[in-house]
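Heads up, the thing below is written out as structure tokens.
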Amino acid sequence: MNIPAKLTRGLDVALDRLVLPGYTRIGPALRRGWWPADPASDALDGAVVAVTGANSGLGKATALGAARLGAQVRMLCRNVDRGRTARDEILRQVPGASLHVDECDLSDLAAVREVGAGLARQVPTLRALVHNAGVMPPERTETREGHELTLATHVLGPHILTDTLRGSLTADGDARVVFVSSGGMYTQPLDVEDPEFTRGTYTPTVAYARTKRMQVHLAEAWARELVVDRISAHSSHPGWADTPGVKTSLPGFSKVLGPLLRSAESGADTTVWLLAAPEGHDTTGLFWSDRAPRPTHHVSRPAPTAEQVRRLWRFCVETTGVPASAT
Ligand SMILES: NC(=O)c1ccc[n+]([C@@H]2O[C@H](COP(=O)([O-])OP(=O)(O)OC[C@H]3O[C@@H](n4cnc5c(N)ncnc54)[C@H](OP(=O)(O)O)[C@@H]3O)[C@@H](O)[C@H]2O)c1
């Protein structure tokens, strides 16, 4: 059945603004009637794709999706044993896939530099880098380098890894970087006054949402930085998917929404689609869900100013020392 485009656009926006129908499995079930076509089955043939947090949930589903499109996947995992188990599971579904597990703790900035440099040597040409690793610690936790854990994992580690792999991404000529953010980021403004969450009462969902908000604007900043290298940068939100992370961090939410949650594969769909979408450069810097760009803020919470976004970028550059050209 051919549904008029005006009607599908209206329905698509309504699903997004009503949150529950758009974020649950109802969203993709309806939207696949009109969203952009699937990538060709060989869209990533021979391309190398790196995915962080690839041993579980959405990261594993992203690795699977990329492997199905022919990519060689570097699975960057904190827990290598779980990484190998995930790799074997993917291999059962995509026999012959090229999957390599690399140890990488995104919150350990010195380790990220080292792993990134090693990967850059081994992979001279990289099609895509997916910043998927995510955490929601129950208490404020500092890394051994003294950074708040969600900030280090979601923002500082990915910032360094993007810089370290820039040369390999540039060599591809059509590369993409995707930050897997969250719809939860709508609940928080961009906090550039206290990015390490040293003031006020720490709440896991607030720390999580603040750093997920930072990812969206960091992706915008990287999009501007990388445009000269023909690398696009995006952020995405997966909706609400049934993953080990959601079960552990939000048990009540997971129980109540149970059957309405998306599968991990459905949650990873837009990220995988972005890796192979043809118009990467025209749409760089946007925030995506269910294969469409979404607003980065709603009326109830104003958008950050350009100066606040610049301050986020300066904070990342000054804290990590990269990119050196921007210091
Ligand atoms: N599921 C959803 O509904 C949902 C909604 C919005 C956003 N997201 C985002 O989607 C991403 C994946 O989440 P998920 O639901 O798939 O959760 P998950 O099943 O808990 O997976 C999280 C992954 O991140 C890895 N990770 C955590 N800290 C790490 C670190 N320091 N270094 C390297 N890897 C690390 C975990 O590895 P270990 O095995 O070592 O713990 C695991 O592989 C996260 O960024 C999350 O914020 C998910």
Side-chain angles (χ1 to χ4, degrees), residues 50-60 62-63 74-80 82-83 86 101-116 119 129-165 177-185 188 190-192 194-198 202-219 221-222 233 235-238 241 243-246 248-250 267-268 271 312-313 315-317 319-322:
V51 183
T52 69
N55 64 12
S56 171
L58 301 181
K60 186 168 83 176
T62 302
R74 301 296 293 235
M75 301 169 66
L76 274 54
C77 302
R78 174 172 60 177
N79 184 325
V80 171
R82 295 209 318 135
V101 179
D102 300 277
E103 186 171 352
C104 185
D105 179 341
L106 263 296
S107 71
D108 180 340
L109 306 189
V112 174
R113 281 190 185 89
E114 205 173 300
V115 174
L119 196 57
L129 170 61
V130 180
H131 297 302
N132 164 81
V135 276
M136 194 190 290
E139 285 155 15
R140 187 178 183 283
T141 310
E142 283 192 2
T143 66
R144 67 183 175 87
E145 293 160 308
H147 297 293
E148 190 279 316
L149 186 57
T150 62
L151 179 78
T153 311
H154 299 157
V155 178
L156 299 176
H159 182 75
I160 293 173
L161 196 58
T162 305
D163 179 75
T164 318
L165 292 172
V177 177
V178 183
F179 288 78
V180 180
S181 177
S182 163
M185 71 95 193
Q188 292 297 314
L190 181 63
D191 189 337
V192 285
D194 184 26
E196 298 272 8
F197 212 141
T198 58
Y202 175 90
T203 313
T205 48
V206 172
Y208 175 83
R210 281 187 189 178
T211 51
K212 290 284 153 184
R213 158 71 69 189
M214 289 180 205
Q215 287 187 311
V216 170
H217 300 293
L218 187 58
W222 269 111
S235 54
S236 64
H237 93 73
T243 63
V246 165
T248 314
S249 300
L250 301 168
T271 299
L312 170 69
W313 177 255
F315 166 76
C316 290
V317 170
T319 308
T320 62
V322 295

Answer whether the closest heavy-atom distance between the side chains of [X] and [Y] falls below 4.5 Å.
X: Thr62; Y: Val178; answer: no
X: Leu156; Y: Glu145; answer: no
X: Val206; Y: Phe197; answer: yes
X: Thr162; Y: His131; answer: yes
X: Lys60; Y: Thr243; answer: no

Looking at [X] and [Y], what are the two nearest heavy atoms and their distance?
X: Ala241; Y: Val246; answer: O-CG2, 3.5 Å
X: Leu218; Y: Phe179; answer: CD2-CE2, 3.9 Å
X: Met214; Y: Leu312; answer: O-CD2, 3.5 Å
X: Pro204; Y: Pro138; answer: CG-O, 3.5 Å
X: Asn79; Y: Asn55; answer: O-ND2, 3.4 Å
X: Tyr202; Y: Pro137; answer: OH-O, 2.9 Å

Run the side chain to side chain donor-acceptor pair (under 3.5 Å) test against [X] and tell me which residues pass, sequence neighbours left out.
X: Ser235; result: none
X: Thr211; result: His154
X: His159; result: Trp222
X: Thr150; result: Glu148

Output the distance between atom [atom1] ([X]) and atom [atom2] ([Y]), rounded to the nearest 0.5 Å.
X: Asp108; Y: Glu114; atom1: CG; atom2: CD; result: 9.0 Å
X: Asp163; Y: Cys316; atom1: CG; atom2: SG; result: 11.5 Å
X: Leu109; Y: Thr319; atom1: CG; atom2: OG1; result: 9.0 Å
X: Leu165; Y: Leu161; atom1: CG; atom2: CG; result: 4.5 Å
X: Leu119; Y: Leu129; atom1: CG; atom2: CG; result: 8.5 Å
X: Leu106; Y: Thr143; atom1: CG; atom2: OG1; result: 12.0 Å

**Request:** Please identify each residue that fulfils side chain to side chain contact (heavy atoms under 4.5 Å, CB included) with Ala209, with sequence neighbours left out.
**Result:**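 If we apply the side chain to side chain contact (heavy atoms under 4.5 Å, CB included) test to Ala209, skipping adjacent residues, the hits are Thr187, Gln188.
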**Request:** With sequence neighbours excluded, tell me which residues meet side chain to side chain contact (heavy atoms under 4.5 Å, CB included) with Val115.
**Result:**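 Residues passing side chain to side chain contact (heavy atoms under 4.5 Å, CB included) with Val115: Cys104.
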**With Phe315 via ring-ring contact (aromatic ring centres under 6.0 Å, His included) - residues at least two apart** = none
**Message:** Among residues at least two apart in sequence or on other chains, which ones pass ring-ring contact (aromatic ring centres under 6.0 Å, His included) with His237?
**Reply:**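 Listed in chain order: Tyr23, Phe287.
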How would you list, by chain and number, every residue that makes a salt bridge (Lys or Arg N to Asp or Glu O under 4.0 Å) with [X], sequence neighbours excluded?
X: Lys212; value: none
X: Arg213; value: none
X: Glu142; value: Arg140
X: Asp105; value: none

**CA sep, side-chain torsions, deciding dist, call: Arg82, Cys77, side chain to side chain contact (heavy atoms under 4.5 Å, CB included)** = CA-CA 8 Å; Arg82 295 209 318 135; Cys77 302; over 6 Å; no
**Prompt:** Counting distance only, does the side-chain N/O of Thr203 pair as donor-acceptor with the main-chain N or O of Thr205 below 3.5 Å?
**Reply:**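 Not confirmed, Thr203 side chain does not pair with Thr205 backbone.
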**Asked** side chain to side chain contact (heavy atoms under 4.5 Å, CB included) with Thr52: which of Asn132, Val180, Val112, Thr153?
**Response** Asn132
**Met136 vs Leu250, side chain to side chain contact (heavy atoms under 4.5 Å, CB included): CA-CA, chis, key distance, verdict** = CA-CA 9 Å; Met136 194 190 290; Leu250 301 168; 4.3 Å; yes
